[in-house]
Number of protein chains: 2
Amino acid sequence: MRKTFQRQVILEELRVTKDHPRAAELYARVRHRIPTVSFGTVYRNLRMLRDQGLIQELTLGDEASRWDGNYSLHYHFTCQNCGQVQDLEVEPDSRWEAKIECLTGLAINHHRAEFYGLCSDCRN
Amino acid sequence: MRKTFQRQVILEELRVTKDHPRAAELYARVRHRIPTVSFGTVYRNLRMLRDQGLIQELTLGDEASRWDGNYSLHYHFTCQNCGQVQDLEVEPDSRWEAKIECLTGLAINHHRAEFYGLCSDCRN
DNA sequence: ATAGTTGCAAAGCATTTGCAACAGA
DNA sequence: TCTGTTGCAAATGCTTTGCAACTAT
């Protein structure tokens with residue numbers, strides 16, 4: 001994978017934010033720095049960066065994918081009122097995988113968990 | 001919500017199977033019983049049945065939604081080799097929601113978890 | 001009677017791709 | 001130099017929708 005300016009900017013923009021932008025929003029941000037960048041380039045790079053494990057794709061509900069510059073294993077929370085998505089600080093439960101392997105005979109590689117509810121701004 | 005023949009057949013087809021068909025596959029099954037049914041009808045009904053809590057929509061990875069006629073809360077497993085999706089029999093961990101509420105100040109309504117790995121056929 | 005539903009076809013929207021020009025190694 | 005990458009535009013694929021004809025209640 002070559003180190004191109006476009007790819008670098010796309011990765012940087014994801015790294016510096018904690019919201020979880022969709023491709024269109026990210027494209028807008030990248031465009032501030034590279035006015036000629038194309039949607040194709042953004043999508044191609046998101047896929048590549050994901051396949052390399054440098055970023056994560058979130059498919060929450062029935063909307064477009066969101067992208068997360070935090071590559072470490074963590075869970076997500078979606079506010080059902082305002083729609084914001086945030087990382088959860090709780091540590092993922094790995095014993096769960098072992099428990100399921102035990103009970104089912106499946107070989108588990110990884111899991112994800114998503115929580116839904118109201119964020120602190122919206123609960124009041 | 002009226003009780004139409006189409007809606008009934010769509011729901012039945014989801015209830016009788018444990019695979020988790022996508023809309024196109026379900027459409028094919030419904031078509032065996034109602035040759036004139038349309039895609040629009042299938043999609044419209046899937047959304048309505050989901051909104052009523054009678055079925056569940058699964059958005060796993062970056063493919064089209066899968067649909068689950070089992071409306072009870074449960075987790076899912078996806079085989080990374082053959083792609084099959086199965087329900088997991090383990091009971092969902094509700095203490096987790098309380099724990100996260102405690103740690104974060106969020107109000108959690110529900111959560112989902114998905115496990116990925118190799119099914120018993122594919123692990124050998 | 002009448003409001004919800006259907007079939008059909010067209011539209012919508014996120015994402016992917018073919019291709020020629022370009023650029024990083 | 002030469003293969004990977006970009007920008008552009010067209011294409012793809014899943015899903016939604018407008019509308020007139022139907023149908024459950």
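Values in this document were obtained by computation on a predicted structure and should not be read as measured data. Below, read A as the first sequence line, B as the second, and so on, with proteins coming before strands; counting in each chain starts at 1.
Side-chain contact of A:Thr41 with A:Gln6: a donor-acceptor pair under 3.5 Å is absent, judged by distance alone. No hydrogens or angles considered: nothing links the side chains of B:Tyr27 and B:Glu25 as a donor-acceptor pair under 3.5 Å. A side-chain donor from one of A:Arg112 and A:Thr59 sits under 3.5 Å from a side-chain acceptor of the other. Between the side chains of B:Ser38 and B:Arg44, no donor-acceptor pair of N or O atoms lies under 3.5 Å.
Residues A:Tyr75 and A:His111 bring their aromatic ring centres within 6.0 Å.
Clustering of Ile, Leu, Val, Met, Phe, Trp and Tyr side chains at separations under 4.5 Å leaves B:Leu73 isolated, with no partner residue. Within the hydrophobic cluster formed by Ile, Leu, Val, Met, Phe, Trp and Tyr side chains joined at under 4.5 Å, directly or through other members, B:Val16 stands alone, with no partner residue.
Taking atom CD of residue B:Glu63 and atom C1' of nucleotide C:dT15, one finds them 14 Å apart after rounding to whole Å. Rounded to whole Å, the distance from CG on A:Asn45 to P on C:dT15 is 15 Å. Atom CZ in B:Arg44 sits about 18 Å away from atom P in D:dC14, given to the nearest Å. Between B:Phe5 atom CZ and D:dC22 atom P the separation is 19 Å, expressed in whole Å. Here D:dT15 presents its P atom at 15 Å from CG of B:Asp51, a figure rounded to the nearest Å. Rounded to whole Å, atom C1' of C:dT15 lies 17 Å from atom CZ of A:Arg66. Between the C1' atom of C:dG4 and the CD atom of B:Gln8 lies a distance of 16 Å, rounded to the nearest Å. Between the CG atom of B:Leu60 and the P atom of D:dC14 there is a distance of 16 Å, rounded to whole Å.
Taking the side chain of A:Tyr43 as heavy atoms from C-beta on, and the options C:dC19, D:dT15, C:dA14, the nearest nucleotide is C:dA14.
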Check the interface with nucleotides 2-4 of chain D: list each N/O to N/O pair with the protein under 3.5 Å, or write none.
from	atom 1	to	atom 2	distance (Å)
D:dT3	O2	A:Arg2	NH2	2.2
D:dG4	O4'	A:Arg2	NH2	3.3
D:dG4	N3	A:Arg2	NH1	3.1

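The side chain of A:Gln6 contributes an N or O atom lying less than 4.0 Å from OP1 or OP2 of D:dG7. Here A:Arg47 reaches the OP1 or OP2 of C:dT17: one of its side-chain N or O atoms lies under 4.0 Å away.
Note on B:Asp19 versus B:Arg29: salt bridge recorded, some NZ/NE/NH1/NH2 to OD/OE distance being below 4.0 Å. Using a cut-off of 4.0 Å between Lys/Arg side-chain N and Asp/Glu carboxylate O, B:Glu12 and B:Arg33 are scored as salt-bridged.
Within residues 19-41 of chain B, the residues that place at least one heavy atom under 4.0 Å from DNA chain D are, in residue-number order, B:Ala23, B:Gly40.
By the 4.5 Å heavy-atom criterion applied to side chains, A:Leu103 and B:Glu89 are not counted as neighbours.
Within the structure, every pair that satisfies the side chain to side chain donor-acceptor pair (under 3.5 Å) test and touches residues 100-109 of chain B, not counting sequence neighbours, is listed here: A:Gln80-B:Asn109.
Across its full length, the helix from C:dA1-D:dT25 to C:dA25-D:dT1 shows an angle of 40° between the axes of its 5 terminal pairs at either end, rounded to 10 degrees.
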